[in-house]
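Handing you this structure, nothing more for now.
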Amino acid sequence: MTEILNNREYKKERMKELLKKIHKGEDVEKLKEGFKALLQSISPLEIPIIEQELVKEGISAREIAKMCDIHVELFREAVAGTEKEEEKDLPKGHPLKTLYEENKEIMKDAEMLNLHASTLANTKDETMREELLGVVEELAKNLRAVGFTHYNREEMLLFPYIERRGITAVATVLWTKHDEIRYMIRQLLQLLARRDDIPWEEFIQALKDKAGELSRALIDMVFRENNILYPTLHALLSEGEWKAVKMQENEIGYYRVKPAEWNPKIEPLYPWQIDPGLTAEDILSLPREVQVALKGQSLEADKTQIKREGDIEIENGYLSVKELNAIFKHLPVDITFIDKDDRVRFFSGGDRIFTRTPSVIGRPVQLCHPPKSVHIVNKILRAFKEGRKESAEFWIQMGPKFVYIKYVPVRDDEGNYLGTLEITQEISRLKALEGEKRLLDWRD
């Protein structure tokens, strides 16, 4: 049996047989089981060779792609083993379940990217080239979302929990790898955008190399997460912590999955609220790779008390009055707040565009404007109070300054009108900006 499976001609004929059955609409689960030994014997490096032979025999790349889902799933099982025990125990909609499901999609798209790029490199037919190039470009654009959904949720929502417990190395290494993958995706997309400016042979070789590099990096990250990060999170995070993650993850988004609802009857626990200490039992429950990394190290849990005596609890944090005043003074915009009764309640300090003095506090806003414009002020406020408008924007030239002014209604969670916020900003420098300047470009 082994000799037969090692014979590429045999594999090619069996793959053609599988494609015909898929094309006829036969049950995919039954086909997966029937062709399991064959598909698990085909490595990602061998697939492009067999695919190219199938293309030469007149089978389209689109038909071959239909087989990818089955191959990816079986190849993943062959390498990674069966579904992990912690994944089996997770209810639908649980944040960790979602991450595992996303990784299946990431691995599938990563392998399909490599397969199509490799096939494209060996294709001479112009029509087939354009078809394959379109698929590669679509996959590359899709994979860009991995960085600002899947990886971003890990970095912003999950890493803080293990960092708080003193396990900073795992988060640091993975974030570095995430950024390397983001860079690879940008490089691949830039190459695709320049394809008309590069000789075909040079372009296709670079495309094959970059797609292969990206594919390997993505799949390697799947294994790192599935075998190191996720078991660590499963061992350490309580249900309250997972609930807090669930409550925030919609704001960031997901990669090609739509999680079910999951809302355990428990209070959410954020990183600053947990007891960050690790017991010997906690450490022994971690994956072996993490235990090895921690061996001989003195874990320093972050026990900083975030809420201090005298702090004001704001919706998204805690600040002292001193900090709050300083923040308003340093904002790059001027703010004035008018309450629901049209009286000035607050204005930010600092270097303002329009001067404000303490004597304005409590003054009806209508008396703060020239008589000729009061009727417009009243129209704006009435539109806000009635819910007909959500903003009013103006811009004026004041000598060398170009000033942008925006009024927005302020409402509570039930939509009740609380007042109006005036935001003013000098934007002449912003209008002149070109290109980009990233954090890493900063110099002291």
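It should be emphasised that the depicted structure is a prediction, and the values quoted were computed from it without experimental measurement.
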Query - Any residue meeting side-chain hydrogen bond (donor to acceptor under 3.5 Å, both in side chains) with T304, in chain and number order, not counting sequence neighbours - result: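 For T304 the side-chain hydrogen bond (donor to acceptor under 3.5 Å, both in side chains) partners, ignoring immediate neighbours, are D302.
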Query - Q187 and Y183 side chains, donor-acceptor separation under 3.5 Å - result: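 Yes, a side-chain donor-acceptor pair sits under 3.5 Å.
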Query raised in the report: Would you call E213 and K210 a salt bridge, taking side-chain N to carboxylate O under 4.0 Å as the test?
Result: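 So E213 does not pair with K210 through a salt bridge.
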Report task. For residues E241 and I274, determine if any side-chain heavy atom of one lies less than 4.5 Å from a side-chain heavy atom of the other. Result ->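 They are in side-chain contact.
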Query - Those residues that, when tested against L430, pass side chain to side chain contact (heavy atoms under 4.5 Å, CB included) (two or more places apart) - result: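 So L430 forms a side chain to side chain contact (heavy atoms under 4.5 Å, CB included) with Q425, I427, L433.
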Query - Test: K406 and E422 ion pair at under 4.0 Å - result: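 A salt bridge is absent here (no side-chain N lies under 4.0 Å from a carboxylate O).
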Query raised in the report: Within the distance-only criterion (no hydrogens, no angle test), does the side chain of R129 pair as donor or acceptor with the backbone N or O of T123 below 3.5 angstrom?
Result: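 Checking the backbone N and O of T123 against the side chain of R129, a donor-acceptor pair under 3.5 Å is found.
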Requested in this report: Assess the side chains of Y230 and E154: does a donor N or O sit below 3.5 Å from an acceptor N or O?
Outcome: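 The answer is yes; a qualifying pair exists.
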**Report entry** Side-chain heavy-atom pair K177, Y151 within 4.5 angstrom cut-off
**Finding:**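 No, too far: nothing below the 4.5 Å cut-off.
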Query raised in the report: Taking 4.0 angstrom as the limit, do K307 and E313 come out as a salt bridge?
Result: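 Here K307 pairs with E313 in a salt bridge, since their nearest N and O are under 4.0 Å apart.
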Query raised in the report: Which residues satisfy the side chain to side chain contact (heavy atoms under 4.5 Å, CB included) test with D441, sequence neighbours excluded?
Result: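 Applying side chain to side chain contact (heavy atoms under 4.5 Å, CB included) to D441 gives K437, R438.
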**Report entry** Any donor-acceptor N/O pair, E426 side chain to S428 backbone, under 3.5 Å
**Finding:**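 Yes: the side chain of E426 pairs with the backbone of S428.
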Report task. Applying side-chain hydrogen bond (donor to acceptor under 3.5 Å, both in side chains), name anything that partners D179, two or more places apart in sequence or on another chain. Result ->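 D179: side-chain hydrogen bond (donor to acceptor under 3.5 Å, both in side chains) contacts with R182.
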Query raised in the report: Is it the case that E225 and H150 place a side-chain donor and acceptor less than 3.5 Å from each other?
Result: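 Result is yes, a qualifying pair exists.
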Query raised in the report: Does R224 come within less than 4.0 Å of D220, counting only side-chain N to carboxylate O?
Result: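 Here R224 pairs with D220 in a salt bridge, since their nearest N and O are under 4.0 Å apart.
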Report task. Return the set of residues passing side-chain hydrogen bond (donor to acceptor under 3.5 Å, both in side chains) with T172 (not counting sequence neighbours), or none when no residue passes. Result ->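 So T172 forms no side-chain hydrogen bond (donor to acceptor under 3.5 Å, both in side chains) with any residue.
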Query - Residue list, salt bridge (Lys or Arg N to Asp or Glu O under 4.0 Å) with K246, at least two apart or on another chain - result: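 K246 satisfies salt bridge (Lys or Arg N to Asp or Glu O under 4.0 Å) with E249 only.
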**Report entry** All side chain to side chain contact (heavy atoms under 4.5 Å, CB included) counterparts of V410, not counting sequence neighbours
**Finding:**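 V410 satisfies side chain to side chain contact (heavy atoms under 4.5 Å, CB included) with F337, L418, L421 only.
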Requested in this report: Show your working on side-chain contact (heavy atoms from CB on, under 4.5 Å) between I335 and T424 and close with a plain yes or no.
Outcome: CA-CA 7 Å; I335 291 174; T424 308; over 6 Å; no
Query raised in the report: Do the charged groups of E101 and K104 touch, with an N to O distance under 4.0 Å?
Result: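 K104 and E101: not salt-bridged.
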Requested in this report: Only pairs at least two apart or in different chains count here, so list each ring-ring contact (aromatic ring centres under 6.0 Å, His included) that has a residue in residues 414-436.
Outcome: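 Every pair satisfying ring-ring contact (aromatic ring centres under 6.0 Å, His included) with a residue in residues 414-436: there are none.
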Query raised in the report: Are side-chain N/O atoms of Y404 and E393 paired as donor and acceptor at under 3.5 Å?
Result: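 Indeed, the side chains of Y404 and E393 share at least one donor-acceptor pair under 3.5 Å.
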Query raised in the report: Do Y318 and I312 have side-chain heavy atoms sitting under 4.5 Å apart?
Result: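 Y318 vs I312: side chains apart.
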Query raised in the report: Can a donor-acceptor pair be found between the side chains of D109 and N142 at a distance below 3.5 Å?
Result: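 Checked: D109/N142 side chains show no N/O donor-acceptor pair below 3.5 Å.
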Report task. Go through the structure and list residues passing side chain to side chain contact (heavy atoms under 4.5 Å, CB included) with K389, not counting sequence neighbours. Result ->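 Per chain and number, K389 pairs via side chain to side chain contact (heavy atoms under 4.5 Å, CB included) with A383, F384.
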Query raised in the report: Can you list every pair that meets salt bridge (charged side-chain N to carboxylate O under 4.0 Å, His left out) and has a residue in residues 265-287, with sequence neighbours left out?
Result: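 Passing the test, one end in residues 265-287: no pairs.
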Query raised in the report: Heavy atoms, side chains only, cut-off 4.5 Å: are T336 and I423 in contact?
Result: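 Not in contact.
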Query raised in the report: Taking side chain as C-beta onward, heavy atoms only, is L331 less than 4.5 Å from S348?
Result: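 In short, these two side chains do not touch, never coming nearer than 4.5 Å.
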Query raised in the report: If you measure from CG on L233 to CG on L157, what distance do you get to the nearest 0.5 Å?
Result: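 Taking CG in L233 and CG in L157, the distance rounds to 11.0 Å.
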Query raised in the report: Quick one: do the H178 and N152 side chains pair a donor with an acceptor below 3.5 Å?
Result: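 There is no such pair (donor and acceptor under 3.5 Å, judged by atom type) between the side chains of H178 and N152.
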Report task. State which residues pass side-chain hydrogen bond (donor to acceptor under 3.5 Å, both in side chains) with R308; sequence neighbours excluded, sorted by chain then number. Result ->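 For R308 the side-chain hydrogen bond (donor to acceptor under 3.5 Å, both in side chains) partners, ignoring immediate neighbours, are D311, E323.
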Report task. Compare all side-chain heavy atoms of H94 with those of W242 and state whether any distance is below 4.5 angstrom. Result ->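 Yes, their side chains come closer than 4.5 Å.
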Review item, side-chain donor-acceptor pairs of residues 191-204, under 3.5 Å, at least two apart:
residue, atom, partner, partner atom, Å
R195, NH1, E137, OE1, 3.4
R195, NH1, L192, O, 3.0

